Amino acid sequence: FFFAPPVTMADEQTGEYHTSSAGASEKYPMQCGCLKKGGYVVIRDRPCKIVEYTTSKTGKHGHAKAHIVAIDIFTAKKLEELCPTSHNIEVPNVTRTEFTLVDIVDDFASLMDASGATKDDIQIPDGELGALIKKGFEDGKELVVSVIAAMGEEAIVGSKEQSS
């Protein structure tokens with residue numbers, strides 16, 4: 001057995017270390033037969049929530065197929081995928097975080113997390129949810145918004161009044 005020291009890329013002159021995100025943490029493989037309704041899946045490079053999952057019996061070519069109907073979690077578009085249950089399919093790493101709404105500037109929410117760090121790059125959603133958040137903020141209510149993040153995108157998906 002040979003043990004090599006880990007290789008790091010450093011700029012010779014400045015000593016700066018360069019790292020890049022390979023997107024490995026954005027999604028991971030899962031066997032198609034292990035997916036469930038209500039779970040998440042990547043279809044056409046978009047993170048989606050599964051709304052319908054059906055499997056067909058093994059045919060003459062030997063693979064049971066899974067028919068997945070899912071809704072894009074950011075655009076709400078319906079997408080479908082047919083995949084043999086024994087094959088792997090990518091699943092997005094989806095995180096949901098709660099933030100306190102601090103301010104609204106030009107339809108962008110100024111948010112604060114539990115540690116006090118602020119975030120100003122998330123747009124107030126269109127439609128009923130956005131109108132509800134704006135009205136609640138104008139009425140002086142302390143709002144907590146839920147932000148869902150997956151594959152480098154983030155969006156506000158819910159809000160509630162902060163309980164004292």
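Owing to the predicted nature of the structure, the values given are computational and were not obtained by experimental measurement. Along the sequence shown, residues carry numbers from 1.
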Any side-chain heavy-atom pair of [X] and [Y] under 4.5 Å:
X: R46; Y: E153; answer: yes
X: I71; Y: C48; answer: no
X: F74; Y: P47; answer: yes
X: V91; Y: L35; answer: yes
X: R44; Y: L79; answer: yes
X: I68; Y: I89; answer: yes
X: V102; Y: L111; answer: no
X: E161; Y: E142; answer: no

Would V94 and I148 count as a side-chain contact (heavy atoms from CB on, under 4.5 Å) if you check the C-alpha gap in whole Å, the side-chain angles of each, and the deciding distance to 0.1 Å?
-> CA-CA 7 Å; V94 179; I148 199 164; 3.5 Å; yes
Worked verdict on Y53 versus I50 for side-chain contact (heavy atoms from CB on, under 4.5 Å) | CA-CA 7 Å; Y53 179 88; I50 301 168; 4.1 Å; yes
Going by atom types only, do H67 and T55 share a side-chain donor-acceptor pair under 3.5 Å?
-> no
With a 3.5 Å cut-off and no angle check, do the side chains of H87 and Q31 form a donor-acceptor pair?
->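 No, no side-chain donor-acceptor pair sits under 3.5 Å.
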Work out which heavy atom in [X] is nearest to a heavy atom in [Y]; give both atom names and the distance.
X: E80; Y: I43; value: O-CG2, 3.9 Å
X: D45; Y: V42; value: CA-CG1, 3.7 Å
X: Y40; Y: I73; value: CE2-CG2, 3.8 Å
X: S56; Y: A64; value: O-CB, 3.3 Å

Do you reckon [X] sits in the same ILVMFWY cluster as [Y], going by side-chain contacts under 4.5 Å, direct or chained?
X: L101; Y: M112; value: no
X: V145; Y: I104; value: yes
X: Y28; Y: V41; value: yes

Criterion side-chain contact (heavy atoms from CB on, under 4.5 Å) on K65 and K57, from CA distance to verdict = CA-CA 7 Å; K65 292 235 179 4; K57 290 200 165 52; over 6 Å; no
Evaluate side-chain hydrogen bond (donor to acceptor under 3.5 Å, both in side chains) for H63 paired with S86, printing each intermediate quantity in order.
-> CA-CA 7 Å; H63 285 295; S86 58; 3.2 Å; yes
Could you tell me the separation between the [atom1] atom of [X] and the [atom2] atom of [Y], rounded to the nearest 0.5 Å?
X: S146; Y: R96; atom1: OG; atom2: CZ; answer: 5.0 Å
X: D120; Y: F108; atom1: CG; atom2: CZ; answer: 10.0 Å
X: K27; Y: E90; atom1: NZ; atom2: CD; answer: 4.5 Å
X: T118; Y: F99; atom1: OG1; atom2: CZ; answer: 10.0 Å

Are any of the side-chain nitrogens in D72 or K78 under 4.0 Å away from the carboxylate oxygens of its partner?
-> no
Are K134 and D139 within salt-bridge range, i.e. N to O under 4.0 Å?
->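 Not counted as a salt bridge, because no side-chain N and carboxylate O are separated by less than 4.0 Å.
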Check: A117 main-chain N/O paired with D113 side-chain donor or acceptor under 3.5 Å |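 Such a contact is found between D113 side chain and A117 backbone.
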Could you list the residues that satisfy side chain to side chain contact (heavy atoms under 4.5 Å, CB included) with L132, not counting sequence neighbours?
->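 L132: no side chain to side chain contact (heavy atoms under 4.5 Å, CB included) contacts found.
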N/O donor to acceptor pairs below 3.5 angstrom from side-chain atoms of residues 121-131, sequence neighbours left out:
none

The residue among T95, T97, V147 that forms side chain to side chain contact (heavy atoms under 4.5 Å, CB included) with E154 is V147
